[in-house]
Amino acid sequence: MASARIHVSMQSKYDRVVLLVDMDCFFCQVEEKQHPEYRNRPLAVVQYNPWRGGGIIAVNYAARAKGVTRHMRGDEAKDLCPEIVLCQVPNIREKADTSKYRDAGKEVANVLQRFTKLLERASVDEAYLDITETVNHRMQQMQSGAFALQPQELVNTFAVGYPNIGDFVNKITNRFANPYMDDERFQMSYDQNDLPAVRQSDIRLLIGASVAGEVRAAVKKETGYECSAGIAHNKILAKLAAGMNKPNKQTILPLAETASFFDSLPVGKIKGLGGKFGEVVCETLGIKFMGQVVKFTEVELQRKFDEKNGTWLFNISRGIDMEAVTPRFYSKSIGCCKKFPGRNNITGLKTLQHWLGELSSEINDRLEKDFIENNRRAKQMVVQYVQDIDGEEVASSRSTALKDYDQESIVRFSLDLIKANTKTFLRPGSESALNNAIK
DNA sequence: CATTTTGACGCT
DNA sequence: AGCGTCAAA
């Protein structure tokens, strides 16, 4: 099958203007909106709370100032910040149910959607917007005098490499007064074919920032939620920029600043390099920073990694990312899961059936809601589970095609899949004990 | 016993 | 098809 990633084909690598909109400590904001009395207080969202106060999955900025972080238990947060409000993810069917936050994320996406057809939801609280068309239109209006940037649209706007946004605007203004000011450097640094886009890059990103300001104002006005945004020529850079200034701020990553910025940017900050592959890249190349990758040729990188990853690294290290913003509003899959650590391991058939029932019930509700909203039905179901086999964690997944289904059939299908996949499902000699505990 | 619960995508 | 990786709250 062809790769799922679609790449843009266009005259230049710098023609697009892409936004990444990221909600600030989103689950906390959802709780603060629901409970106005919690506003302006340190707050965190936890899942479950009997064991050491629950696990923290979101922390607002007042609580971060006290040293509270994700990963901590609720009790640790209380130690650091006794006045903190700990909101629990709702427990429905004896498990954490994050539907409330999915619904809130959809509410935000409904606002974002009005600004472009090219909206790609990247997670419950993040979306990429390709606003190239709007920027092109405003460029034309600007040339005819029908549109002008208003400074008040750029409050809370930053540009990487500039101490404040005013300096960035001044530079662009000076360039209008003297169009050949930067041109010698542009001609030395970029491909001939890219020069028209390079010459317009800064002003187009600045217009993009004004659009981003409007997007964020609309989200705030219509949902009450605050967000941060990155403005750049592609997804990787927009995502990177969005994290530079938070909360409730937006950041431009100017084309000409990318190289010097990358010189001190740890490799792992780039989306896709935050895990094992990023570690391998650093060890293999003997480097720490993104800018150090440019010292290697594309062929060298392909030899050290593989053809695809080598080319990807070569381009990304130069700030080039041709991956398209692929329109997608609804998720491709709907799933739920629960862990059963330690003494909660599922060891008996009855318990397994019970939890398959709970999970199937949630899935069934969400599939029904999805059918009503989006008029689609699930075609396939996948059961995933982790077993304890001789003290080792062994993950498995099995799938089956779905035609008609309801909660009962989902339970039956999932149990059948697990049974069919397990040589010794029940412990020999027992009617009810699983041979391998499910974690 | 202990982040957990999601979701997308790449490799083989 | 099944497994693994990466990322977000």
Side-chain angles (χ1 to χ4, degrees), chain A residues 1-6 20 22-31 43-60 69-77 87-92 95-102 104-105 108 120-128 225 227 236 239 242-243 268-280 306 308-309 312 323 326 328 330-347 359 362-363 366 380-386 388 391 393-401 417 421 437 439:
Chain A
M1 193 170 69
S3 165
R5 299 214 185 268
I6 295 171
L20 184 276
D22 179 13
M23 307 308 294
D24 302 322
C25 55
F26 187 48
F27 288 14
C28 294
Q29 284 203 75
V30 172
E31 296 298 335
L43 181 148
V45 175
V46 299
Q47 289 184 120
Y48 307 114
N49 70 4
W51 191 74
R52 308 214 330 178
I56 293 179
I57 56 172
V59 184
N60 77 358
T69 65
R70 216 156 55 188
H71 229 80
M72 277 176 186
R73 307 305 304 188
D75 289 351
E76 296 171 75
C87 292
Q88 261 188 87
V89 176
N91 256 15
I92 306 177
K95 68 176 283 299
D97 185 314
T98 51
S99 299
K100 177 164 76 170
Y101 312 109
R102 270 191 297 274
V108 171
E120 177 179 343
R121 297 186 66 191
S123 75
V124 66
D125 82 316
E126 269 189 349
Y128 293 94
Y225 298 127
C227 57
I236 288 279
K239 169 73 181 162
K269 298 289 183 187
I270 295 283
K271 186 175 183 181
L273 294 176
K276 293 178 188 179
F277 182 54
E279 295 275 304
V280 169
D306 62 33
K308 181 167 166 277
N309 281 315
W312 185 80
E323 194 181 302
T326 307
R328 193 185 64 245
Y330 292 105
S331 65
K332 296 179 175 181
S333 66
I334 291 174
C336 66
C337 57
K338 173 152 182 66
K339 284 195 162 190
F340 305 94
R343 67 152 30 85
N344 294 330
N345 282 182
I346 297 175
T347 55
L359 293 169
E362 180 180 331
I363 282 296
R366 287 170 57 190
Q380 184 193 43
M381 76 173 265
V382 181
V383 181
Q384 300 177 64
Y385 54 99
V386 177
D388 183 323
E393 285 196 6
V394 180
S396 306
S397 79
R398 289 296 182 271
S399 59
T400 186
L417 283 174
N421 183 232
K439 312 179 76 157

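No experiment lies behind these values; they were computed from the predicted model shown. Order of the sequence lines sets the chain letters (A, B, ...), proteins ahead of strands, with each chain counted from 1. Below, each value reflects all heavy atoms present in this structure, side chains not excepted, and no hydrogens, waters or symmetry copies.
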N or O in side chain of [X] less than 4.0 angstrom from [N] OP1/OP2:
{"X": "A/Ser397", "N": "C/dC3", "result": "yes"}
{"X": "A/Arg366", "N": "B/dG7", "result": "yes"}
{"X": "A/Arg70", "N": "C/dA9", "result": "yes"}
{"X": "A/Ser123", "N": "B/dT6", "result": "no"}
{"X": "A/Gln47", "N": "B/dA2", "result": "no"}

Please determine, for the side chain of [X], which listed nucleotide ([options]) has the closest atom?
{"X": "A/Pro341", "options": "B/dA2, B/dG7, C/dA8", "result": "B/dA2"}
{"X": "A/Ser399", "options": "C/dG2, B/dT4, C/dA8", "result": "C/dG2"}
{"X": "A/Phe27", "options": "C/dA9, B/dA8, B/dA2", "result": "C/dA9"}
{"X": "A/Arg73", "options": "B/dT5, B/dT3, C/dC3", "result": "B/dT3"}

Identify whether any heavy atom of [X] sits under 4.0 Å from a base atom; if not, whether one sits that close to sugar-phosphate; answer base, sugar-phosphate or nothing.
{"X": "A/Cys28", "answer": "nothing"}
{"X": "A/Leu273", "answer": "sugar-phosphate"}
{"X": "A/Ile56", "answer": "base"}
{"X": "A/Lys239", "answer": "sugar-phosphate"}
{"X": "A/Gly272", "answer": "sugar-phosphate"}
{"X": "A/Glu362", "answer": "sugar-phosphate"}
{"X": "A/Glu31", "answer": "nothing"}
{"X": "A/Asp22", "answer": "sugar-phosphate"}
{"X": "A/Lys95", "answer": "sugar-phosphate"}
{"X": "A/Tyr101", "answer": "nothing"}

Do the non-hydrogen side-chain atoms of A/Gln384 and A/Cys337 ever get within less than 4.5 Å of each other?
->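 No; the side chains remain at least 4.5 Å from each other.
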Answer whether the closest heavy-atom distance between the side chains of A/Asp125 and A/Phe27 falls below 4.5 Å.
->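 With C-beta onward as the side chain, the pair stays apart.
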Atom pair distance, as rounded to whole Å: [atom1] in [X] and [atom2] in [N]:
{"X": "A/Asp24", "N": "C/dA9", "atom1": "CG", "atom2": "C1'", "result": "13 Å"}
{"X": "A/Arg5", "N": "C/dC6", "atom1": "CZ", "atom2": "C1'", "result": "10 Å"}
{"X": "A/Ile92", "N": "B/dT5", "atom1": "CD1", "atom2": "C1'", "result": "14 Å"}
{"X": "A/Lys332", "N": "C/dA7", "atom1": "NZ", "atom2": "C1'", "result": "16 Å"}
{"X": "A/Ile57", "N": "C/dA9", "atom1": "CD1", "atom2": "P", "result": "10 Å"}
{"X": "A/Arg121", "N": "B/dA8", "atom1": "CZ", "atom2": "P", "result": "10 Å"}
{"X": "A/Asn91", "N": "B/dT5", "atom1": "CG", "atom2": "P", "result": "10 Å"}
{"X": "A/Tyr48", "N": "B/dC1", "atom1": "OH", "atom2": "C1'", "result": "14 Å"}

Please answer whether the main-chain N or O of A/Leu43 pairs with a side-chain N or O of A/Asn60 as donor and acceptor at a distance below 3.5 Å.
->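 Checking the backbone N and O of A/Leu43 against the side chain of A/Asn60, a donor-acceptor pair under 3.5 Å is found.
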Salt bridge (Lys or Arg N to Asp or Glu O under 4.0 Å) involving A/Glu126 - partner list, sequence neighbours excluded |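 With sequence neighbours excluded, A/Glu126 shows a salt bridge (Lys or Arg N to Asp or Glu O under 4.0 Å) to A/Lys239, given in chain and number order.
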Write down the distance separating the P atoms in C/dA9 and B/dA2, rounded off to the nearest Å.
-> 25 Å
Quick one: on DNA chain B, does A/Gly55 or A/Glu120 contact a more 5' nucleotide (nearest heavy atom)?
->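 It is A/Gly55 whose nearest nucleotide is closer to the 5' end.
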Most 5' of A/Tyr330 and A/Gly342 on DNA chain B, judged by nearest nucleotide |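 Upstream on the strand: A/Gly342.
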Less than 3.5 Å between a donor and an acceptor, one on the side chain of A/Arg398 and one on the base of C/dA1, is that the case here?
-> no
Taking everything shown except A/Lys338 itself, do over 12 heavy atoms lie less than 6.0 Å from its NZ?
-> yes
Between A/Phe26 and A/Tyr101, is the ring centre distance below 6.0 Å?
->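 Here the rings of A/Tyr101 and A/Phe26 have centres that are no less than 6.0 Å from each other.
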Answer yes if the side chains of A/Asn345 and A/Thr347 hold a donor-acceptor pair under 3.5 Å, and no otherwise.
->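 Side chains of A/Asn345 and A/Thr347: no pair found under 3.5 Å.
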